[in-house]
*Asks:* 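Sharing a structure with you now.
Throughout, numbering of the chain's residues begins at 1 and tracks the sequence.
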Amino acid sequence: MPHGAQYTPPIGGNGWRKSVGAVVERGTGVVLSRASVWRLLTGRLGWSLQRPERRAVERDESEIARWIAHEWPRIKKGP
């Protein structure tokens, strides 16, 4: 890969398919189209497009429940 092992192309872009295609070509000598790379990853290997959840690691569910139960009604009612 041109950027090294730590490089992760953006999700939704075609960069990751090019990178996987380059690895396949380098290892096997077979050139795959972007569509073929997609079919290889999803059909043959069972991969799926996964996106990270947009949640903070520090999220405290019990504190959120407390806030909704006690603080939100007070704020919602107003003065």
*Asks:* Check whether Val37 and Leu45 end up in the same hydrophobic cluster, where Ile, Leu, Val, Met, Phe, Trp and Tyr are linked by side-chain heavy atoms less than 4.5 Å apart.
*Replies:*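 Yes, same cluster.
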*Asks:* Using 0.5 Å steps for rounding, measure from the CD1 atom of Ile68 to the NZ atom of Lys76.
*Replies:*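 Atom-to-atom, Ile68:CD1 and Lys76:NZ are 11.5 Å apart.
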*Asks:* Looking only at heavy atoms, what is the nearest atom pair of Pro73 and Ala69, with distance?
*Replies:*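 For Pro73 and Ala69, the tightest heavy-atom pair comes out as CG-O, 3.4 Å.
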*Asks:* Taking Ile64 as the starting point, is it possible to reach Ile75 by hopping between hydrophobic residues whose side chains are less than 4.5 Å apart?
*Replies:*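 In one cluster: yes.
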*Asks:* Drop me the distance from Ser33's OG to Arg39's CZ, to the nearest 0.5 angstrom.
*Replies:*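 One finds 6.0 Å between OG of Ser33 and CZ of Arg39.
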*Asks:* Does Trp47 CH2 have over 12 foreign heavy atoms under 6.0 Å away?
*Replies:*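 Not more than 12 within 6.0 Å, no.
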*Asks:* Side-chain heavy atoms under 4.5 angstrom apart, residues restricted to Ile, Leu, Val, Met, Phe, Trp, Tyr: same cluster for Val30 and Leu41?
*Replies:*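 Result: yes, single cluster for both.
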*Asks:* To the nearest 0.5 Å, tell me how far Glu25 CD sits from Lys18 NZ.
*Replies:*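 Interatomic distance, Glu25 CD to Lys18 NZ, rounded to 0.5 Å: 13.5 Å.
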